[in-house]
Every structure is written in structure tokens, then in C-alpha cells.
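Below, chain A is the first sequence line, B the second, and so on; all start at residue 1.
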Amino acid sequence: MKLLEYQAKEVLASLGIPIPPGMVARTPDEAVAAFSKLGPVAVKAQVPVGGRGKAGGIKLAKTADEARNAVAQIIGMDIKGFKVPLVYCEAALDIEREIYVGFTVDRDARANVLLVSAKGGMDIEQVAEELPDAIARLYPNPWRGPLDFQLAQLVYDAGLGDLARPLTALIKKLYRAIPDYDALTAEINPLVVTKNGDVIAGDAKLEIDDNSAWRHRELEQRYGSVLEGDPYEVEAKKRSLTYVSLGGDIGIIGNGAGLCMSTLDLVQRAGGQAANFCDIGGGAKAEVVENALAVILMNPEVKGVLINVFGGITRGDEVAKGIVTARDNLKMKLPLVVRMSGTREEEGRQILRQNGIEPGASAWEAAQKIVELTRAGVKA
Amino acid sequence: MKLLEYQAKEVLASLGIPIPPGMVARTPDEAVAAFSKLGPVAVKAQVPVGGRGKAGGIKLAKTADEARNAVAQIIGMDIKGFKVPLVYCEAALDIEREIYVGFTVDRDARANVLLVSAKGGMDIEQVAEELPDAIARLYPNPWRGPLDFQLAQLVYDAGLGDLARPLTALIKKLYRAIPDYDALTAEINPLVVTKNGDVIAGDAKLEIDDNSAWRHRELEQRYGSVLEGDPYEVEAKKRSLTYVSLGGDIGIIGNGAGLCMSTLDLVQRAGGQAANFCDIGGGAKAEVVENALAVILMNPEVKGVLINVFGGITRGDEVAKGIVTARDNLKMKLPLVVRMSGTREEEGRQILRQNGIEPGASAWEAAQKIVELTRAGVKA
Amino acid sequence: MSILLDSTTKVIVQGITGREGSFHTEQMQALGTKVVGGTSPGKGGTTHLGLPVFNTVADAVEATGAGASGIFVPAPFAADAIMEAAAAGITLIVCITEGIPIQDMIRVKDFLREHPQARLIGANCPGLITPGQAKIGIIPQRITAPGFVGMVSRSGTLTYEVGSALSAAGMGQSTIVGIGGDPVLGMTFSDVVQLFENDPATTHLVLIGEIGGSVEEHAAGLIARGSRLKTVAFISGRTAPEGKRMGHAGAIISGNRGTAKSKEEAFRKAGVAVAETTDEIVGLLR
Amino acid sequence: MSILLDSTTKVIVQGITGREGSFHTEQMQALGTKVVGGTSPGKGGTTHLGLPVFNTVADAVEATGAGASGIFVPAPFAADAIMEAAAAGITLIVCITEGIPIQDMIRVKDFLREHPQARLIGANCPGLITPGQAKIGIIPQRITAPGFVGMVSRSGTLTYEVGSALSAAGMGQSTIVGIGGDPVLGMTFSDVVQLFENDPATTHLVLIGEIGGSVEEHAAGLIARGSRLKTVAFISGRTAPEGKRMGHAGAIISGNRGTAKSKEEAFRKAGVAVAETTDEIVGLLR
């Protein structure tokens, strides 16, 4: 779960990290209220992606009218596929200096890595490419967390020795997001040093491991529902499906992530565009197939669906029956191609044919067939 | 700092460990109030030593009058040198079974050791001697704490597998007293399993590392002043002296713990009884010597004082002057023998002699001299 | 011959009395796997599927001499189960459980440094199978045939597909290892490839990777330093967009890292044939 | 010859700019100790007592090649200072600081397992001195004389007393090591005795123990297995009552454990002469 800026800041504040005063606004009037309380504010689009500044999602408001106008312009704006649902109005900071502080999971090292750089305010990936030495790194032992001397070394390595005390204290607090909240990535960029020497989080990103939701019900409850972007992904999540929207017109269902991904690849190879990734998991139960089909058919762009399942435990004839029932229940009229393999796959194919569904002999053949059918606009 | 039972239970409760309802009482009326709120109660003397039950420090009260009488009898009682200042009135438990759970520092292993035994209610040292196999042990890694599987193994090893879930959860909470409070020893004995299956702390001991006081000011504030037993030790603590009351009649001051202990040994060897152990630390500053003398002279039993200092950094003549000043400031009339060595020790001895204080040539000679002087009742 | 597992390996199942544990223990037994017991806290002393059940792995190891374990416990308990197995001296730990928090696995990986005897496969993996001999996990026996092809994969059903195709083409397998789809894994491609290199019965290798991370690149680097195996690699997710998790927590492209392109290029540079579809694998392997 | 420390050992001082650090650095220099620098966070790049000051131990080691460190930082920072020294590759760490929480030291001991090169003396100790050559810590040079007696002690001033007496009697010392009075220690009596056994220049040994714990008993056990040193032991606290801490956190008798009697008996059983007062030590050692 990627938290929005204001949510991430709430969490960081709970760990003792200083944040500027700020208020969420969903309407121009709320922005005016925030202005009257906070004075000049930055009005910031709340979306779980970077680059909102360049996209026009951040505006400074020095008057109540400017605040009102900023909200009117920003809310509803589309930023990298996310429609902005609300803004965060935050007291403007008197910036002396900008620093980068964050952590992420280093997959190769199979460890968390803390990152500190004096080059704050820039995209850290860009810093990593252009000035790799400008980023100091620390791999804390996951049981011990970062030790004081390691944090000091990190800060000195980053050339920030003059801020050693406040920075080591702050990074120690930031790190608590790992044991306390199962954070995978946190980023305070910029970490602002104000003209009077305070160190305060200018922006904040925080990603919580979805696998740890059972340990952090309070986070899920508080932040889980605010924004999910894509409506099909929201619906799929409710139905416990692993679903990713992709923008094409061919719905895809597969069982197993690798199988599903390779199905997408085949559809593109055949000249089509997948509308989604939808992994229904190891089995291929009728109910799950129906849920997946239902979500895919919500999307008016979808012109046809390809189902690719390997019958592991479930037998081919049962998978076929389930697909037929799902189609009938949903009164689906769009082209449907099914490729299945596994035990009793021949019986399964026969059932499909009897019910007017064309089985594909191989995944590649099936991919070509659905592309052909959706291009032609033919109904199966 | 050894907490009293009710204090230890407050701390354990803050860690999530169930404790019976209870109230502190300092007067018979408060005990009656506790009775009217809690019903039948155990009235328990609050002293930081074991064995209070055998000493008559625990009484069951089934009526308000019994509660009143119990308090009247227990408060002021002397239990192993501690005058009982207050009692804890605790709702009586419906006991099905008694278990031992605790931890301590194993000096040889230089690690904490968790101890669990089905033989609860008995003194654990006795169990350790008579039925060593009845105690299961776990040495948790100090950074990781006890892992779930280790706790399960511990509980099964103790033959308490039927209580694995509640016990592992409880021990995990108990262990938090180490990272959260710098506990050195904790003991829940008995841990009571009630007739309806609840697991609840019947008694509790908790010792907090004095060296960690700077990390736990709240504990010090809350519990530090309630009870310290010996009035001289309380006074010495206020003056930042390392002082232990011992019951004899010869006051001892030494610099360095080993030197001070060996001085006690010499006094006893010479036929005397030390009134105290008082280590004034590495140096021998005049002010500190005066503080130490002042505390020792509070004790009316003291018939004379032996000072044994090694002049490390401080020169002998300065040490001697300091002692003379301290004696004069305190208008001390009792016999005083000083043994000192180090730089300018001869000059120091001369100063002492000039001021009517007999220096000892060696520690052994000084010990014999002070014993002799105090026996004779002669004033120096 | 085979790697990691054969018909003599003594196996226990952690979580043997659960639904998944029970079902797959029976499947493992059906293939002939030497399952010698299982654990289920509180059920120690009972019998399940004709096997003794123990409260702890230490008890199970002591009583049975087991050297391998398959873990089928729910995600909140899985990290602890792995550490328990390692501490009890198990040398091959196969964790099928999916959905383990990544920070749990990071702590587990550190814990395992103290138990270097323990090899971990997974978590979130289908396990491994030595066709005709034994399996730990959930790979269906019927897609396999004994033979000379080593297989190692980050995917589940995709592996079954490829396995089926190989078996149908008469190319049996020495061992099939599913290393799992999580970002923080036990054994990686490189670890498994190294074992296949040292297994005389394995002459060919199929490597099924996917987008995200760089375990494929590392394996390619290893192979580039010299390999006696005829190898074909396949990467799924060529058309996946950046920043979207494709099912597996580990299958995500960030920036230019973890793309199918970089993985395929690494393999080609190492002299490994790259299949563009799974259908091509059998042909390229011949 | 000597153990652990001689005139060639490069030493840094952690907390060199503090009051204690400054004073004792000067004392160490006065004896000829090869002090090459010190640390004081935030003061890196400056000079103190003619020595370069660094922000971190890693920086100091890199710049000076120091192999030993004396720690004079306040108790809240001392555990971290020890770990910093170990992680930076220091092989002899001498921690003078008293009052370090025991749980901190337990964590430090576990941390040191990963840095087996690092020998820790203390904490809460006077340090060590090789008379005429070098010292780390606070043992006064004037109580010592170069010679053949190894000394190891849990006490501070008591050691100075005995050292004075030995020096006055013409029995100089090879090295004097104060291992400290805390319950959780770095090097123990046994560790130090073993080093003296292997030091040809040491022919005699004085061991000054006290009540509490069992490091004396362990050393006695070691000596009982064979020793080439003529050894005298002394234990302070013969008359201390049970359950009372005698100054040192480690000096406490619980039950029958840690008494002077059990320690003296252990030494006698090992063939070691036991002095009943410190005055007897010189005579017994001759």
C-alpha cells in the first residue's frame, strides 16, 4: 500500500519526525479554511506517484483566493493515470537546505538499505545515476536496526557531519517504520533544513507491505480506502483477485503469475493489446473465474477475453464447466477464447466446443485467435 | 532498584500481563476501603525481599475487620531488616495450578536466561537444587529476543505444552521488561492458572538496573522514593555515595570497591565488626570524604572510623588536609584511624599526626588500631 | 541422480494436519517421498496420514532423523517455521507459504547466516521434485518424467506447462526447482544452477525467469564463466509496464532495472539460448 | 615481553577531547604510549594534545592504522563506542567507562561474536599497563616497575596497592590487566591467564579477585590443568554478607555462589597459594 503524502506524514509524525502544519482539503472552501488557519500554503495534489510538481499538481497560495483557485484546478486533474481526489494544504517552509533521507528493500542484498544524500529535492534515481558518490548507504542488521555509530558514519559519509546530531536522531525514528509498520520504502525528499535550523519533512513517501496487513489493521482501516486509482483494480481487490489494469482491449485471465504474464506477452506478440493482468491463483475454481470475468467485463474497452489456465489440481472438465457457467451467468456476449491444459484437458475442450467456446490448442494459437476475433469485431 | 510487589505488578500490567485487582493500603482504614471494593483479599507486606510469607507478612482477610486487623499487624513489622511501610490488598485467586516464569542475567553465559517450571510457588533456587530437570531454560539472543519457536520449545520442555499458547504469549510480554525497562531479574512466582483457565500473576519480583536510570527516569520518579529500607543507605544515595549498611560498630571508608572490601575483611580479622561499606570512588576529594563521614556518623552505633585510601591522582598531603577539615567541620569526637598511601604519603601522615589523627602504616596495622581504639572506648 | 532431493531424503511436513499440509503430504507420499512425520503444535504424540506428529521440529528431527522439511503453515507463522527448521538442523527447507511479509523474510535471511547448513527454497514457491523419486511441495507429479533436464523457475503453473511439454517430448527432468516469486528469496537461480552443474545426471538446463530483481542476470553471469549444460532461458513479462506488480510481489520493474530485455540480453551474452515463447523451449533445448 | 600491549601498539582514545579522555591521554603519552589520535564526533579535523581528532573510529583507523583503543566516553554512549571500535577492526578495546547498563553489555557481547578479532577489556576497569612501555587506561605508572610478574585484577585501587608493594619489593611486572568489576565483562581472568601462560617473560602471576560470579573459579580450573607460572591469588570480600552489592555491580553473593570461600578453595585445589591479606602477597610470591 503506497500512502499519500499526508498519510505518510501522519505516520512519520507518529514516529516523532517533525512535519509542517497542514490540512487536507477536498473542496475550495476547505482550502480557504486551511489558508485562514495556516497562512500561505503549498497546495499539493495527493496521488501515489512521483512527478506531480512537473504535472502542475503543486501550487503556492499566498492569498485565500489563490488557495481556492489552486484547489479548483488541482482536484480532478489526471496525474499519471490517477485522478486527484484531494489536496494537502501545507504551511510554506523557509528553506535553507534540502537533504534526502530514505530506505528501501535492496533485493540483491536481501536487506533494507538506508540512503542519505546532501542532494535533496532531486529525484534520487537521477542522483544515483549522475552522482553515485553523493548517496551514502547503510545496510542495518534487520534484528538490531541501525546502531548509533553506523548512523553517524552514514551521515558523515553523506558529507552532512554538521547535522550529525539531528540527522542521526531523525533517521533512527524513520527506521522505526520498518519494525513498527512493515514499511518497504520510505522517503523524505526533501528533508528541509529551515533558515532557523529546524529539520523537517518537506515531502514524504511511504509504502507498507500488503503482506503485512494482518499486523497493521489500523493502517488498512485508516488509509486503505481513501484512494486506489483504477476502479477495476479496486473492484478486483474487493473480490480478492490479483488484477492490474493495462489499457488495451483484450481481457486476460490466467492461473499463476508467470503463466498470466506470458499470456500477455503472447497477445502482444500476436498484435493485440491486453486490457489487464488477472491472476486467479493456482487452482481454477468456477467461482473465481466468474469473479475475474465480471471485473474484466466492467471495462467498456474490453472487446474479448482470453483465459489461459493450467489445470493443476482442478480437472479440465470441471474448469470448462466452470467457464461456461460463468459466461452464462454474466450473459457475456464478447469473444471468449480458452486455452487449457492438464488432466482431462480433452474432455474439457469438448465441453467448451459444445457450448460455443473455441478452445485454443496452444497458448500461442489462443492468443492469435483472440486477437483475430477482437480485430474483426466478430462475436464468438 | 528492586521494585515492591505492587510496583512490579504495575510494570508487568503495562506490558500486558494479567494481574489480580489490588489496592495499596498504608492504614487500617485504607485496607477496609480495599476490602469493600475487592471483597476477600490477601493482605501482603511490601518489602523488597523474599520469605515474607513465613515471616507472617501475608494474611488472608475474609471480612473488613480481618483486613483492618491484618494491616494493623503487618505495617511496621520487621522483615529481614525491612520495616514494612505499606501493604498490598489483592483479590484472592481461585488457584488450580501454580507455575514459575522468570528471567535473570546469567553472568557466566553473559546473557539473559528465561526460566520456566511447572513447580510454581516454590523457591526457584530450591527447585534448581532438588529438581534441576524441572526448570526449562532459554537463552534468547539479546538483539532478537526470544523467537516464537524457542518459546514453544521452552514451554514444552517445562512439561507445560497444554498451556503453550497462553504461556508463550505471556513470556513474550514478560521479556519486554528487558528492552523496555532494563530489567535484570523478573519473576512471576506463582504464575497462577485459575479454575476457569485464566493465567494471572500471583506474585511478582522485578529488578531494574540502576545503571540504566538515565533511560527510565519515569520509573525512578514513580518508584524510587517509596522504600529504601536502611536510612543511612537512603542518605548515602542522596549524596551519591556507594554505601552498604552492615550492622557492626566500626565505620569504614575506602576508595575503590576492592580496597574497601579488603578493609572490611581486615577489620573482621582484627576482631572488629564493620558498620558499613563505603566506597568513595577512585579519587579522595575532601568534599566526598566529608559526605562519607557525615553519613557514617549519623549511625549512633558507630564507635570509630577507619579510612583507607590509595592516593591515585590526589596527592597524600591534600587527602590528609581534606580529612582533617572534614573531621573538624563535623565536630567528630570518635576515634579515627587513617591509612593512606601514594604520592607524598609521608607529608600526608605528618599533617594527620599534627592534627591528632593516628596514621596506620599498613592497612592491617590500621585495622588493628581502630579495633583496639573502639574496644577501649578511648577517644582519639 | 538429482539435486537436493531423492528417494532416500527423510522429509517432515510443518503444518501437516492443516488442509494444505494434509493434501500435499498425501501427494508427496503417493510419489514415494520418504515422509517420516510432521509437526503441529499441540498435536504432538498423535498420528496423521499414518505418520507421527510432533509439537516441534526439534522433536521431529530427534525422533525421525529428518533432514528436509516442507512448510505449509499460514503466512503469519511461516517465518518462525523456517527459523525453527534451521535451528533444528534441517538442511533443506522448502517453504510453500505465500504472503509472508518481506521484513519477516529479511530477518529470516539474517537468522539463516547462523545456520549455514540450511538451504531454503522459497517462500511462495511450488517446491521441488525429482521425478520418479520424491517431491516437497506442490509440483504435480504427472507433468514430470525422469531424465536429464534440470529446471529452475520463479513461476508455478508456467513451470508445469513447460514441464509437461518437455515430458511429452521425451525430455525427462533430473530435478525441477521452483524458487518462488517473492522479492526476498532463499536459494536463487545461481545457487540452483551451481548444483545442476555439479550433478552428472543433468546435461540440459531450463531456466524460467520473470521480470523484477536481478537473479536472472546473476545466473547468466555465472553461466558466462563456463557451463557444461545446454541451457535455454525464458523470461515472462516482456510486455509488463514499469511500476506495476505482476502478481508476484517480486515481479515489478523499477526504472530500467528488472526488465525482461536486460535479462534476455544477459543470457544471450552468456551464450544461453533465449526462448521468446514457451513453445520454443523444447525445440531450442534439443 | 608483555601481553596485549607494548611500546609499538598504536592506540587511539575514544572521547579524547573530554575531561577524562584528555587527562588520561596525557598520562598515557607521558609513559611513552604510542597514542596516534582520538575521536570526538563533530571535532574531526582538529588537533588535541598534538594528536589528530576524527569523527569516527573508522576514520581514525584508516588514517592512523591504530590497533588499540581506550574508551573514555560517558556511560550512555559507551556500548556504542565499543561496537564502533570492533566494527572498525580494532583488536584491543579497553573500556574505562563505569555505569554501563548490563543489558547494553549483553548486546555488545553478542555483537562482538561477529568481530572475533576484537578483545575487550572492561568495561568499568582501570585498563592495562605494560610497565616502562605503554598503558591504556588509568593505572598510575608510578606503582609499577618492569619485570616478570603478570597481574590481573577485578579491582582498581587494590591493584595499585599490590602493584606498589611488588614494585617496592623489586618484583616488577610484565603487564597488569584490570578486567573490571561489572557482572558482564569482556576478557575474564581465564582469558588473561592464558595469555600470561604464553608469554615467556612472565614467570609469576598475581590474581586479585573479589566476591560474585565465578570468573575466579574458572581461572582456577584452567590453572589446575597445568601452569608454568608461580601464582598467588587474593580475594576481597571474605566478610561480605549475601545479597548486598559491594560497590561493583558484579560484587554480590547470591546464595552459595560467588563467595570468597568457594573461590579460595578453587585456587587452593589448583595448587595456587592464597593470600589472606594483601600484605601476604609479596611473601607468597617469592
| field | Presence of salt bridge, A:Glu365 and A:Arg339, under 4.0 angstrom | value | no
| Atom group of A:Ser262 that falls short of 4.5 Å from chain C, counting heavy atoms | both
| query | With a 4.5 angstrom heavy-atom cut-off, which part of A:Ala109 approaches chain C: side chain, backbone, both or neither? | reply | neither
| request: Below 4.5 Å from any heavy atom of chain C, which atoms of A:Asp265 appear? Answer side chain, backbone, both or neither. | output: both
| field | Heavy-atom pairs under 4.5 Å with chain A, option from C:Gly212, C:Gly243, C:Ser254, C:Ala249 with the top count | value | C:Gly212
| When you check the side-chain N and O atoms of A:Glu187 and A:Tyr100, is any donor under 3.5 Å from an acceptor? | yes
| said: Can you tell me which portion of C:Ser214 sits under 4.5 Å from chain A's heavy atoms? Options are side chain, backbone, both or neither. | reply: both
| request: Below 4.5 Å from any heavy atom of chain C, which atoms of A:Ser212 appear? Answer side chain, backbone, both or neither. | output: both
| query | Going by an N to O cut-off under 4.0 Å, is there a salt bridge joining A:Asp123 and A:Lys54? | reply | no
| Option in C:Ser155, C:Pro101, C:Ala75 with maximal non-hydrogen atom pairs under 4.5 Å from chain A | C:Pro101
| said: Between C:Glu210 and chain A, with a heavy-atom cut-off of 4.5 Å, which part of the residue counts as in contact: side chain, backbone, both or neither? | reply: side chain
| message | Taking C:Glu280 first and then A:Arg269, would you say they form a salt bridge - that is, a charged N and a carboxylate O separated by under 4.0 Å? | response | yes
| Segment of A:Trp364 engaging chain C (4.5 angstrom heavy-atom cut-off) | both
| task | Would you kindly say whether A:Asn308 and A:Thr263 are connected by a side-chain donor-acceptor distance under 3.5 Å? | result | yes
| said: Strictly below 4.0 Å, N to O, side chains only: are C:Arg257 and C:Glu242 in salt-bridge contact? | reply: no
| task | Would you mind checking which part of A:Leu264 comes under 4.5 Å of any heavy atom in chain C, side chain (CB onward), backbone (N, CA, C, O), both or neither? | result | both
| Structural part of C:Arg245 lying under 4.5 Å from a heavy atom of chain A | both
| query | Does any heavy atom of chain A fall under 4.5 Å from the side chain of C:Leu185, the backbone, both, or neither of them? | reply | backbone
| message | I'd like to know if A:Arg349 pairs up with A:Glu346 as an ion pair, taking the criterion as any Lys NZ or Arg NE/NH1/NH2 lying under 4.0 Å from an Asp or Glu carboxylate oxygen. | response | yes
| Short side-chain donor-acceptor distance under 3.5 Å, A:Asp106 and A:Tyr139 | yes
| field | Under 4.5 Å from any heavy atom of chain A - which part of C:Phe111 | value | both
| request: Flag the pair C:Glu276 and C:Arg268 as a salt bridge only when some basic side-chain nitrogen lies within less than 4.0 angstrom of an acidic carboxylate oxygen. | output: yes
| message | Please rank C:Ser153, C:Gly250, C:Pro126 by heavy-atom pairs under 4.5 Å with chain A and give me the top one. | response | C:Gly250
| task | Kindly indicate, with the supporting measurements, whether the criterion side-chain hydrogen bond (donor to acceptor under 3.5 Å, both in side chains) is fulfilled by C:His248 and C:Asn124. | result | CA-CA 9 Å; C:His248 286 161; C:Asn124 187 21; 4.8 Å; no
| field | Contacting moiety of C:Ile139, where chain A heavy atoms sit under 4.5 Å | value | neither
| Carboxylate-amine/guanidinium proximity below 4.0 Å for C:Asp110 and C:Arg113 | yes
| message | Taking side chain as everything from C-beta outward and backbone as N, CA, C, O, which of these in C:Ile143 sits under 4.5 Å from a heavy atom of chain A? Side chain, backbone, both or neither. | response | side chain
| said: Counting only non-hydrogen atoms closer than 4.5 Å, does A:Asn141 touch chain C with its backbone (N, CA, C, O), its side chain (CB onward), both, or neither? | reply: side chain
